[in-house]
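If you read the sequence from its start, that first residue is 1, and numbering goes on from there.
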Amino acid sequence: MLVLAAVLVVALAGCGQEQKQGGQAEIAGNLTALGSTALQPLVEQAAAQFMAKNPRAQIVVQGGGSGTGLSQVASGAADIGNSDIFAEEKSGLDASQLVDHKVCVVGMAAVVNRGVTVDNLTRQQLVDIFTGKITNWKEVGGPDQKIVVIHRPKGSGTRATFKKYALGGMEDSAPGMEQDSSGTVRKMVAETPGAISYLALSYIDNSVKALKLDGVEPTVQNIANGKYPVWAYEHMYTKGEPAGLKKAFLDYMHSEEVQGQLVEKMGYIPITRMQVERDAQGNVTRK
């Protein structure tokens, strides 16, 4: 019986993702987080910091789009699904099995090649461009130049957010190229004369120009106070309540080290700064 008890103790000690070493709990194991490319840079940097503190933890972060992230976590193929949209917004998905962990807010803006002299579009002008009714920049006060539209694929949460809150739900049906990676979209807009697309604010730099919408600039302050409408929560979904390494990493994503430093440094907005909140149906209320 004593031998059996000893074997059970050893067996139990090897289970789970937290292992005891030197009297301290050690986080160990493998984790995959994939989906939203808008959230990807933040999760990648946070994962690098987390792994530096916990060398026996291995976290792989990938893109693929919000739709892919939600589908993969729901099927059990990924540990965490990163998404710009609520799980309830994705058709064909049983959202009831997923647990939402909101980690920050991201703003999104229409961006153009820096050779385009336009710096503001009305919502109707934006709709007309992305539905193909307006095809030349001179029609909105810009140069006599063809508008080159760069779309995001249908599984993109950035596309879903932009379509819902910038285009008023109108189908973005203008002929154009399609690209999933936010980094590649930025490069294409920067290098293509007359190009227009849309990006998360965390991806916008001096290589492209962000446009005002109805005269309102896409800034953190305007998003936080509800003046600028094109923004989304960044969600990290798990299938069921997280435990072990998943819980440890998600706790780290909500820690002061990430929320108080990394989030704003990388162009995202802490949820605590938001003066408004939004539900899955798009209803906005003041806090």
Side-chain angles (χ1 to χ4, degrees), residues 33-44 61-72 81-87 89-93 104-113 116 121 123 125-135 147-192 194-205 207-211 213 218 223 228-237 267-268 280 282:
L34 60 84
S36 164
T37 60
L39 181 56
Q40 188 176 353
L42 176 64
V43 180
E44 284 178 338
V61 182
Q62 298 174 338
S66 297
T68 298
L70 290 169
S71 297
Q72 292 292 297
N82 299 329
S83 176
D84 310 327
I85 61 173
F86 286 89
E89 295 181 83
K90 179 170 172 55
S91 60
L93 185 80
C104 62
V105 166
V106 65
M108 298 171 188
V111 294
V112 296
N113 179 274
V116 176
L121 289 173
R123 186 185 297 272
Q125 287 172 330
L126 201 60
V127 168
D128 289 345
I129 287 172
F130 278 92
T131 55
K133 292 180 182 178
I134 292 177
T135 58
I147 296 174
V148 180
V149 177
I150 300 172
H151 295 289
R152 310 300 289 270
K154 289 189 176 179
S156 165
T158 303
R159 176 176 179 169
T161 299
F162 189 80
K163 176 182 171 181
K164 189 171 184 176
Y165 299 113
L167 304 182
M170 294 292 292
E171 190 61 47
D172 45 348
S173 55
M177 297 176 280
E178 188 174 284
Q179 179 55 241
D180 178 48
S181 165
S182 295
T184 304
V185 168
R186 179 178 61 195
K187 187 173 186 293
M188 291 174 69
V189 172
E191 296 177 355
T192 307
I196 183 171
S197 190
Y198 42 90
L199 288 168
L201 299 190
S202 52
Y203 274 93
I204 297 174
D205 60 17
S207 68
V208 295
K209 179 166 63 174
L211 300 182
L213 178 60
I223 292 168
Y228 184 81
V230 193
W231 59 270
Y233 291 111
E234 290 295 2
H235 312 260
M236 296 179 74
Y237 279 97
Y268 301 86

Identify the heavy atoms of [X] and [Y] that sit nearest to each other, and give their distance.
X: Thr161; Y: Ala232; answer: OG1-CB, 3.7 Å
X: Ala210; Y: Ile204; answer: CB-CD1, 4.1 Å
X: Leu93; Y: Ser71; answer: CD1-CA, 4.4 Å
X: Thr135; Y: Gly132; answer: CG2-O, 3.5 Å
X: Val189; Y: Val111; answer: CG1-O, 4.1 Å

Keeping the roles fixed (side chain from [X], backbone from [Y]), state whether a donor-acceptor pair exists under 3.5 Å.
X: Arg186; Y: Tyr203; answer: yes
X: Tyr268; Y: Leu201; answer: no
X: His235; Y: Gly81; answer: no
X: Tyr198; Y: Phe162; answer: no
X: Asp84; Y: Thr158; answer: yes
X: Asn113; Y: Ala190; answer: yes

With rounding to the nearest 0.5 angstrom, report the [atom1] to [atom2] distance, [X] to [Y].
X: Ser66; Y: Leu34; atom1: OG; atom2: CG; result: 10.5 Å
X: Ser156; Y: Glu178; atom1: OG; atom2: CD; result: 9.0 Å
X: Gln40; Y: Gln62; atom1: CD; atom2: CD; result: 8.5 Å
X: Glu234; Y: Ser202; atom1: CD; atom2: OG; result: 7.5 Å
X: Met236; Y: Leu42; atom1: CE; atom2: CG; result: 8.0 Å
X: Met188; Y: Met177; atom1: CE; atom2: CE; result: 4.0 Å

Side chain proximity check, [X] to [Y], heavy atoms < 4.5 angstrom:
X: Ile129; Y: Ile134; result: yes
X: Arg123; Y: Pro229; result: yes
X: Thr131; Y: Leu167; result: no
X: Val116; Y: Ile196; result: no
X: Ser36; Y: Val43; result: no
X: Val106; Y: Leu39; result: no
X: Pro218; Y: Val230; result: no

- Please name all residues satisfying side chain to side chain donor-acceptor pair (under 3.5 Å) with Asp172, sequence neighbours left out, ordered by chain then number.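 Asp172: side chain to side chain donor-acceptor pair (under 3.5 Å) contacts with Arg159.
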
- Of all residues at least two apart in sequence or in a different chain, which pass the side chain to side chain donor-acceptor pair (under 3.5 Å) check with Ser207? Asp205

- Item | Non-neighbouring partners of Glu44 that pass salt bridge (charged side-chain N to carboxylate O under 4.0 Å, His left out), sequence neighbours left out |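 For Glu44 there are no salt bridge (charged side-chain N to carboxylate O under 4.0 Å, His left out) partners, ignoring immediate neighbours.
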
- Message: Using 30° and 60° as the class boundaries, would you call the ring planes of Tyr233 and Phe86 parallel, tilted or perpendicular?
- Response: perpendicular

- Query: Do Ser182 and Arg152 meet the criterion of a side-chain donor-acceptor pair at a distance under 3.5 Å?
  - Reply: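 Yes, Arg152 and Ser182 have a side-chain donor paired with an acceptor closer than 3.5 Å.
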
